Amino acid sequence: MTEKTIPMLPCLTLQPVLDFYTVLGFEVTFQQNSPNPYAVVQRGGIQLHFFGMKRYDPAESYSTCYIRTDDVDGLYADFRTGLKAAYGRIPARGLPRIGPLKDTSHGVRQFLVTDPAGNCLRIGQQTSQEHHHRPAPKGTFSRALHHASLFADSRDDPAGAAKIIDRVLRTADERPTPVQLLRLLLLRAEAAGRLGDDETATSALAKAAGIHLTAQERESAHDDLARLEELRG
C-alpha cells in the first residue's frame, strides 16, 4: 500500500501565487477558474495545491506545511537565485519572503518560505535522529537567542521573539559578545518586519551594521553578515 499527502493551501487569487512558485522553479501542472479557482504546482517530488478563497487575508494566514528534502542547501540556493533574478533582491520581509537557513535545536537544518498568500513552507533536512529540542544554553544571551529563535520559527510567534530580545538587551549588568549582539539584532529586525514594524526593523539593522567585529568574529558570523546585507537591501 502506498500513500501520499498533498497540502491544499488557500489564496485570495491564484495568479500571484502561481507566478511566485514559477520563480522558485515549480511548474504549473493544472489550473482552473471555474467552478472554483484551483491550481497545482510541482517541482520534483514537491506538489502543492491551491484554492481561491473570497475575503481571505494573507496577512492573517496560519496555513503551513512541512517539506522534507535530502538537499536543503541546494533548494535554498536555487530558491534564492530565482528570487534574486525575479525581484532584483532576495525578499526577506513582508510577503513574499524567504528566511535564513538554520540548524535547529531539534536536529533539522531548515528554512522558511512564505508565499504571497501568506502560506508558510518549512523546508528541512534531518541532521540528527534526536527530534527533541536540545536543552537551552546556560549563558544569558545564548539562551535568549535559543528561545527567541524557537518563538520566531517553530512557534511562528515573532511578537514573542521580540519580547525575549527586548528584555535581554535591557540587561544592565551583563553584555553580549559582538557576534551575539549581531544575531540578536538581526532576529529582532526579522521579527519587527513580520509584525509590520518597519521603524524598529530599520533601527535594529542600523545598530547591527554599526557593530565592530574582528576578522575572526567576521568569519564566524559570515552567514549573519550576509543576512544583514539582504535585510538592508
Side-chain angles (χ1 to χ4, degrees), residues 16 20 23-24 57-64 76 79-84 86-105 110-123 140-171 175-213 217-218 220-233:
F20 176 75
V23 164
L24 297 184
D57 184 358
E60 298 295 325
S61 174
Y62 289 93
S63 300
T64 187
Y76 187 64
F79 284 7
R80 284 164 55 90
T81 297
L83 290 169
K84 182 70 177 290
Y87 294 95
R89 61 182 180 84
I90 298 172
R93 297 160 58 188
L95 295 176
R97 64 178 179 270
I98 184 170
L101 183 60
K102 294 182 178 180
D103 292 307
T104 71
S105 63
Q110 71 174 19
F111 66 98
L112 277 59
V113 176
T114 306
D115 67 23
N119 300 303
C120 178
L121 308 184
R122 296 173 180 268
I123 303 172
T140 300
F141 299 99
S142 295
R143 188 179 184 86
L145 275 168
H146 172 88
H147 287 301
S149 293
L150 288 181
F151 271 81
D153 297 333
S154 298
R155 298 190 185 184
D156 195 21
D157 183 2
K163 289 180 181 178
I164 292 170
I165 296 168
D166 289 344
R167 183 168 58 247
V168 78
L169 289 180
R170 290 194 295 268
T171 302
R175 294 285 184 179
T177 68
V179 172
Q180 287 174 333
L181 180 58
L182 172 66
R183 290 172 177 164
L184 286 165
L185 289 171
L186 284 177
L187 191 53
R188 185 63 180 90
E190 290 177 358
R194 289 166 61 183
L195 294 168
D197 184 357
D198 290 339
E199 182 178 352
T200 297
T202 300
S203 174
L205 292 174
K207 291 176 183 176
I211 297 172
H212 174 73
L213 299 175
E217 288 169 337
R218 292 186 68 85
S220 69
H222 177 270
D223 291 343
D224 305 291
L225 292 171
R227 184 65 174 167
L228 173 61
E229 291 305 312
E230 288 177 9
L231 291 170
R232 298 187 76 199

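For this chain, numbers begin at 1 and follow the sequence in order. Source: prediction; values computed, not measured. No hydrogens, no waters, no symmetry mates; every other heavy atom, side chains included, goes into these values.
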**OP:** Enter the distance from Ile164:CD1 to Phe151:CZ here, rounded to the nearest 0.5 Å.
**Re:** 4.5 Å

**OP:** Mind checking the CD-CG spacing from Glu229 to Leu205? Nearest 0.5 Å is all I need.
**Re:** 10.0 Å

Subject >> Flag side-chain contact, heavy atom, 4.5 Å: Asp157 against Leu150 >> reply: no

Original post:
Would you call Ile211 and Pro178 a side-chain contact if the rule is heavy atoms closer than 4.5 Å?
Top reply: yes

Subject >> Residues in side chain to side chain contact (heavy atoms under 4.5 Å, CB included) contact with Thr64, at least two apart in sequence or another chain >> reply: Cys120, Arg122

Original post:
Shortest non-hydrogen contact from Ala161 to Ala148?
Top reply: CB-O, 3.4 Å

Subject >> Closest non-hydrogen atom pair between Ala201 and Ala192, with its separation >> reply: N-CB, 3.6 Å

Subject >> salt bridge (charged side-chain N to carboxylate O under 4.0 Å, His left out) against Asp197, all qualifying residues, sequence neighbours excluded >> reply: none

**OP:** Nearest 0.5 Å please: distance from the CG atom of Leu24 over to the CG atom of Leu121.
**Re:** 8.0 Å

Original post:
With a 4.5 Å limit on heavy-atom distance, are the side chains of Leu182 and Leu225 in contact?
Top reply: yes

Original post:
For Arg80, what residues pass the salt bridge (charged side-chain N to carboxylate O under 4.0 Å, His left out) criterion, not counting sequence neighbours?
Top reply: Glu230

Original post:
With a 4.5 Å heavy-atom cut-off, do His147 and Arg143 have their side chains touching?
Top reply: yes

**OP:** Quick one: closest heavy-atom pair of Gly82 and Val23, and the distance?
**Re:** O-CG1, 3.2 Å

Subject >> Pro116, Pro16, Pro58 screened by side-chain contact (heavy atoms from CB on, under 4.5 Å) with Leu95, the one that passes >> reply: Pro58

Subject >> Residues which pass side chain to side chain contact (heavy atoms under 4.5 Å, CB included) with Arg183, listed by chain and number, not counting sequence neighbours >> reply: Leu145, Val179, Asp224

Original post:
Are Pro96 and Val113 side-chain neighbours, meaning at least one heavy-atom pair lies under 4.5 Å?
Top reply: no

Original post:
Among Leu185, Leu184, Thr202, whose side-chain contact (heavy atoms from CB on, under 4.5 Å) with Lys207 holds?
Top reply: Leu185

Original post:
From Arg227 CZ over to Lys102 NZ, what is the distance, rounded to the nearest 0.5 angstrom?
Top reply: 8.0 Å

Subject >> Listed once per pair and sorted, the side chain to side chain donor-acceptor pair (under 3.5 Å) pairs that draw on residues 158-167, sequence neighbours left out >> reply: Asp166-Arg188

Subject >> All ring pair (Phe, Tyr, Trp, His ring centres under 6.0 Å) counterparts of Tyr76, not counting sequence neighbours >> reply: Phe111

Subject >> Phe141 versus Arg175, closest heavy-atom pair with distance >> reply: CE1-C, 3.4 Å

**OP:** Let me see the working for Asn119 and Thr114 under side chain to side chain contact (heavy atoms under 4.5 Å, CB included), right down to the final yes or no.
**Re:** CA-CA 5 Å; Asn119 300 303; Thr114 306; over 6 Å; no

Original post:
If we only count heavy atoms from C-beta on, is the Gln180 to Ser142 side-chain gap below 4.5 Å?
Top reply: yes

Subject >> Smallest separation among heavy atoms of Ala152 and Arg194, with atom names >> reply: O-NH1, 3.0 Å

Original post:
With side chains defined as the heavy atoms from C-beta onward, is the minimum distance between Ile123 and Leu112 less than 4.5 Å?
Top reply: no

Subject >> Within-4.5 Å side-chain heavy-atom neighbours: Leu186 and Leu228 >> reply: yes

Original post:
If only atom types and distance count, is the side chain of Arg97 paired as donor or acceptor with the main-chain N or O of Gly94 below 3.5 Å?
Top reply: yes

